[in-house]
Amino acid sequence: MIGNLFGFLSNDIGIDLGTANTLVFVKDRGIVLREPSVVARYKTSKKVCAVGSDAKKMLGRTPGTIEALRPMKDGVIADFEISEAMLRYFIEKVDKRKLVPPRVVIAVPSGITAVEKRAVKDSAIRAGAREVLLLGEPMAASIGAGLPIHEEYANMIVDIGGGTTEVAIISISGVSFQRSIRVGGDELDEAIIAYMKKAYGLLIGERTAEEIKFNVGSAAPIVNGEISMDVRGRDATAGLPVTKHITSQEIREEALKEVVTQIVDLVKNALDRCQPEHSADLIDRGIVLAGGGALIRGLDQVISDATGLTVIQAEDPLCCVANGTGKFLDLLGTLTRDQVDRLVTQ
Ligand code: ADP
Ligand code: MG
C-alpha cells in the first residue's frame, strides 16, 4: 500500500551506468534518456562544463583548457567526482520532481569494489534519490533479456560493453558464477586504429575507428559477401589528409581477431569452471548475448562454433540492461525482502 502510494507520488528510475553509454528508464514510461558516459571539465578549476552527448563531442577535439573523461572506463569508477556529476546530471534531467523523491535502481559493472558501490549509492542519494538499489550488470541484463532468472535451471549471459565484457551464470535468482575482463568494444576500436597505422600509415581517431567497426566490422566471414569502405585520415609521414580503401576481411583478420578471441576465451573459461549441473543446463538453454558488442556481425556464430552451444542475441542488446532495471522496478512490489537481497549486489 505504502509502495503504491509512493509509486503514485514519485517517478522510480532505473539507470544503466555503462562504460560507454548511460541509459535511464523511468517507471511506466520506459527508456527516456540515452547518452554517452562522458563528462567534460575545465582542466584547472576541475569544474564540469558538459555531460553526455555534449561532452562526447569534445572527446579527442577539446580546446586546451577542457578535458573530456569517461568516468566508468574499464568497468571501474575512474573518478568519483565526475561519476557523481554525471549521475546527478542524468537523474535531475529525468526526475520531474513529484512529491516524493524517486527510488533508483542502478546497474553497475560487477567488478566494482565495495567502496565504489558505496560511492555510487551516496552520489545517487545526494542527487535526490530516496532509496538506491544496485543490480549487477549481468543480473540486470538477464532480467532485461527476459531470462527465467527464478528457475533452478542455469542461464548464461554475456554482456559486451564498451570497456568490459562480463559473463555470468544465473540460476534461482542469483549469480552462481561470474567473470569479467576489461576488454570490450573500445578495444576493437583501438585495434582498428593500430591496424590502420601499421598497414597504411594512416592516423585515424576513435570516432572514425568506431565507424569502421559499425560499417565493416565482423567476427566471422560475411556469408552474403565481404564489404568494403573508404577511410579518411592523416598520412603519418606526409601529414596530409588521405583516403584509403579497406575491406571487412582485413579488418576482421588483421585488426579485430585478437580481441574477439579474448571474448570467446572468456566464455570458454566460464564454461570450463561452472558447476557440472549448470553445464548440462546450458546445452538446452544456450548463451544469450547482450550489450553493444553483441551487434558485431558473426560474433554469435563464432561463440557458437567455439562452444558447441546455441547462441542468441538479446532483443535490443544496447537497451537490455536498462530494460532490466525497469523490469526490476516493476518486480519490486511482488518480491520478498529475501528475494530482493539475492538479486541486488550489496
Ligand atoms: P556499456 O554498457 O559499456 O556502456 P554498451 O552496451 O552501450 O556499453 O555498448 C557500447 C559498445 O558497443 C561500444 O563499443 C560501441 O562501439 C559498440 N557498438 C554499438 N553498436 C554496435 C554495432 N552495431 N556494431 C558493433 N559494435 C557496436
Ligand atoms: Mg552495459
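The chain is numbered in sequence order, starting from 1. All of these numbers come straight from a predicted model, not from anything done at the bench. Start at 1 and go down the list; that is how both ligands and their atoms are numbered.
Other residues, nucleotides and ligands contribute at most 12 non-hydrogen atoms within 6.0 Å of the CD atom of Glu277. The number of heavy-atom neighbours closer than 6.0 Å to CD of Glu131, taken from other residues, nucleotides and ligands shown, is above 12. Heavy-atom neighbours of Glu315 CD from other residues, nucleotides or ligands within 6.0 Å: at or below the threshold of 12. The number of heavy-atom neighbours closer than 6.0 Å to CD of Glu81, taken from other residues, nucleotides and ligands shown, is 12 or below.
The residues lining ligand 1, counting any heavy atom closer than 4.0 Å, are Gly18, Thr19, Ala20, Asn21, Gly161, Gly162, Gly185, Asp186, Glu210, Lys213, Phe214, Gly291, Gly292, Gly293, Leu295, Ile296, Leu318.
Scanning for side-chain hydrogen bond (donor to acceptor under 3.5 Å, both in side chains) contacts around Asn215 gives an empty result, with sequence neighbours left out.
Using a 4.5 Å cut-off between side-chain heavy atoms of Ile, Leu, Val, Met, Phe, Trp and Tyr, with links allowed through other members, Ile181 and Ile287 fall into the same hydrophobic cluster.
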